[in-house]
There are 2 protein chains.
Amino acid sequence: MSNNQFKRGELYSVVNGMATTAVARRLQKNFRNAGLDITIEQWSVLYHLWKEDGLSQLELGNRTFRDKASTTRLIDNLEKQELVLRVASKEDRRINLVYLTDIAKPLQQITYELANQTMNEALLDITKEEIDIVKNVFQRVYDNLTNKDLI
Amino acid sequence: MSNNQFKRGELYSVVNGMATTAVARRLQKNFRNAGLDITIEQWSVLYHLWKEDGLSQLELGNRTFRDKASTTRLIDNLEKQELVLRVASKEDRRINLVYLTDIAKPLQQITYELANQTMNEALLDITKEEIDIVKNVFQRVYDNLTNKDLI
DNA sequence: GACATATAGTTAGTTATGCAACTAATATAA
DNA sequence: TTATATTAGTTGCATAACTAACTATATGTC
């Protein structure tokens with residue numbers, strides 16, 4: 001118990017900041033080098049809109065694991081850059097539906113290629129089995145902390 | 001190639017923000033509930049000082065995967081809360097050595113317990129083998145992106 | 001219909017992040 | 001030994017994160 005617990009404590013330091021930040025920084029740099037003036041956070045929102053346009057802010061927050069306040073500002077900035085458009089829903093006027101602009105649409109292909117290229121650099125020697133384990137572990141960690149979050 | 005690449009692209013979204021953020025948020029909440037007024041970022045610095053006191057700011061940045069500017073501000077805030085002290089090195093006066101104060105020292109035990117408790121919640125059903133794989137994968141991802149970072 | 005409650009989004013305040021440009025101290029090279 | 005380069009840390013600028021308090025719309029109940 002004691003020895004194992006320490007190893008568990010270590011996981012946090014390893015996971016937080018290290019690889020995720022390295023990947024994020026590299027992808028950001030690759031965007032910049034390609035003349036794309038978007039942050040990876042903005043890209044994470046666009047990524048989901050390219051898959052399904054016209055999502056609500058709340059739904060975008062859920063899919064990108066952000067709270068609504070953070071989502072609001074991210075979309076503020078995306079709107080400032082005219083990559084995205086807020087349209088009030090006709091069924092429920094509390095809801096803003098977020099749509100891609102004609103400027104954002106053609107960026108999908110370029111960012112898709114840059115993201116894949118970055119992932120290939122990052123995951124060079126890592127097997128599909130290992131990736132599947134990482135994804136599975138992270139999904140379970142997330143579920144462990146959110147499903148029973150009753151307080 | 002094509003199908004596999006898309007899966008690789010997905011890993012980024014899964015890893016970034018989801019589990020790491022969930023763990024960080026939970027730990028932060030547990031700190032707050034225990035009356036500890038420190039952020040997890042501050043804790044990540046203290047964690048390394050408890051292991052080895054008197055590290056330079058640069059070394060702390062390396063161990064917590066931060067650039068020097070972020071490290072500077074983090075230590076500014078820790079110093080404001082009197083948890084940490086900067087002392088100019090006598091050998092090399094460019095270097096600040098960072099020392100724990102008497103206020104910070106006794107916090108080790110409490111945060112250690114809270115971090116372990118949080119990790120036990122987060123890693124409930126996850127085996128030691130899986131954790132080892134995750135750690136190993138993340139180390140290799142980090143190495144892939146930093147070792148050959150020649151630009 | 002009126003009042004209480006829930007929901008979507010915004011705003012204010014604090015901390016943190018990265019990059020780039022800067023200062024000060026040290027090391028290297030002529 | 002002076003000029004040049006490198007290194008450790010700080011500061012300015014912009015983006016982003018979370019919490020908590022707020023507005024406005026919708027829903028539910030009496």
Side-chain angles (χ1 to χ4, degrees), chain A residues 16-18 20-33 36-45 55-62 64-81 83-84 86-98 149 151, chain B residues 16-18 20-33 37-45 55-62 64-81 83-84 86-98 145 149 151:
Chain A
N16 185 56
M18 193 178 86
T20 55
T21 303
V23 173
R25 267 205 298 252
R26 171 61 59 97
L27 185 49
Q28 178 88 63
K29 188 197 279 184
N30 287 348
F31 281 166
R32 241 193 343 266
N33 288 345
L36 278 173
D37 191 26
I38 56 174
T39 67
I40 40 146
E41 290 83 6
Q42 293 173 346
W43 171 73
S44 75
V45 168
L55 294 170
S56 72
Q57 295 193 192
L58 211 67
E59 184 55 31
L60 276 171
N62 288 337
T64 59
F65 307 103
R66 285 185 181 90
D67 74 348
K68 46 189 187 167
S70 304
T71 306
T72 292
R73 319 262 192 181
L74 254 186
I75 292 173
D76 283 348
N77 283 332
L78 282 168
E79 216 174 23
K80 246 183 265 168
Q81 296 183 246
L83 293 169
V84 127
R86 276 186 248 236
V87 178
S89 163
K90 290 187 180 175
E91 282 81 41
D92 184 338
R93 280 165 47 207
R94 292 172 300 184
I95 297 175
N96 282 340
L97 302 176
V98 182
D149 203 334
I151 293 172
Chain B
N16 185 57
M18 194 178 85
T20 56
T21 303
V23 173
R25 267 204 299 248
R26 171 61 59 97
L27 185 49
Q28 178 87 63
K29 188 197 279 185
N30 287 347
F31 282 165
R32 240 191 345 263
N33 289 344
D37 191 26
I38 57 174
T39 65
I40 41 149
E41 290 83 6
Q42 292 174 345
W43 171 75
S44 75
V45 168
L55 294 170
S56 71
Q57 295 192 189
L58 213 66
E59 184 55 31
L60 276 171
N62 287 338
T64 59
F65 307 104
R66 285 185 179 90
D67 76 347
K68 47 188 187 168
S70 302
T71 307
T72 292
R73 323 257 193 181
L74 211 38
I75 291 172
D76 284 347
N77 283 332
L78 282 168
E79 216 173 24
K80 248 183 264 169
Q81 297 183 244
L83 292 170
V84 127
R86 277 186 247 236
V87 178
S89 163
K90 289 186 177 173
E91 283 81 41
D92 185 338
R93 281 164 47 206
R94 290 172 301 185
I95 297 176
N96 283 342
L97 302 175
V98 182
L145 291 178
D149 202 334
I151 291 170

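Reminder, nothing fancy here: chain letters follow the sequence lines and each chain counts from 1.
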Can you check whether [X] reaches [Y] side chain to side chain, under 4.5 Å on heavy atoms?
| X | Y | result |
| --- | --- | --- |
| Leu60(A) | Ile75(A) | yes |
| Val98(B) | Val84(B) | yes |
| Leu97(B) | Arg86(B) | no |
| Phe31(A) | Asp37(A) | no |
| Lys29(A) | Asn33(A) | yes |
| Arg94(A) | Ser89(A) | no |

Identify the pairs formed between an N or O of the protein and an N or O of nucleotides 7-9 of chain D at a distance under 3.5 Å, and give each distance.
unit_1	atom_1	unit_2	atom_2	d
dT7(D)	O4'	Arg94(B)	NH1	3.4
dT7(D)	O2	Arg94(B)	NH1	3.1
dG9(D)	OP1	Gln57(B)	N	3.4
dG9(D)	OP1	Asn96(B)	N	2.8
dG9(D)	OP1	Asn96(B)	O	3.2
dG9(D)	OP2	Leu58(B)	N	2.8
dG9(D)	O3'	Asn96(B)	ND2	3.3
dG9(D)	N7	Lys68(B)	NZ	2.9
dG9(D)	O6	Lys68(B)	NZ	3.0

Using a cutoff of under 3.5 Å, can you pull out all pairs of nitrogen or oxygen atoms linking the protein to nucleotides 1-3 of chain C, with atom names and distances?
none

Nearest to the side chain of [X] - [options]?
| X | options | answer |
| --- | --- | --- |
| Leu74(B) | dA17(D), dA16(C), dG13(C) | dA16(C) |
| Asp67(A) | dT17(C), dC18(D), dA17(D) | dC18(D) |
| Thr39(A) | dA16(C), dT11(D), dT15(D) | dT15(D) |

How long is the line joining [atom1] of [X] and [atom2] of [N], in whole Å?
| X | N | atom1 | atom2 | answer |
| --- | --- | --- | --- | --- |
| Phe65(A) | dC18(D) | CZ | C1' | 17 Å |
| Ile40(B) | dT17(C) | CD1 | C1' | 13 Å |
| Ile75(A) | dA17(D) | CD1 | C1' | 15 Å |
| Glu41(B) | dA16(D) | CD | C1' | 12 Å |
| Asp76(A) | dA17(D) | CG | C1' | 14 Å |
| Gln42(B) | dA16(C) | CD | C1' | 10 Å |

Exercise. Give Arg93(A) one of three labels, base, sugar-phosphate or nothing, depending on what nucleic acid heavy atoms sit under 4.0 Å from its own.
Key: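 Answer is sugar-phosphate: Arg93(A) comes under 4.0 Å of backbone atoms only.
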Quiz item: Is Asn77(A) touching bases, backbone alone, or none of the nucleic acid, heavy atoms closer than 4.0 Å?
Solution: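 Touches sugar-phosphate only.
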Practice problem: Tell whether Arg73(B) reaches the base of dG12(D) with its side chain through a donor-acceptor pair below 3.5 angstrom. | Solution: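 Such a pair exists between side chain and base.
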Quiz item: Looking at Arg66(A), does any N or O in its side chain come under 4.0 Å of the phosphate oxygens OP1/OP2 on dA16(D)?
Solution: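 For dA16(D), OP1/OP2 do not have a side-chain N/O of Arg66(A) under 4.0 Å.
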Practice problem: Report yes if a side-chain nitrogen or oxygen of Arg25(A) is closer than 4.0 Å to either non-bridging phosphate oxygen (OP1 or OP2) of dG18(C); otherwise report no. | Solution: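 For Arg25(A), the contact criterion (side-chain N or O under 4.0 Å from OP1 or OP2 of dG18(C)) is met.
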Exercise. For Arg32(A) and for Gln81(B), locate the closest nucleotide of DNA chain C by heavy-atom distance; then report the residue assigned to the nucleotide nearer the 5' terminus.
Key: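 The residue closer to the strand's 5' end, by nearest nucleotide, is Gln81(B).
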Quiz prompt | Rounded to 10 degrees, the angle between the two terminal axes of the helix from dG1(C)-dC30(D) to dA30(C)-dT1(D), each from five pairs | solution =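 Taking five pairs per end, the axes differ by 10°.
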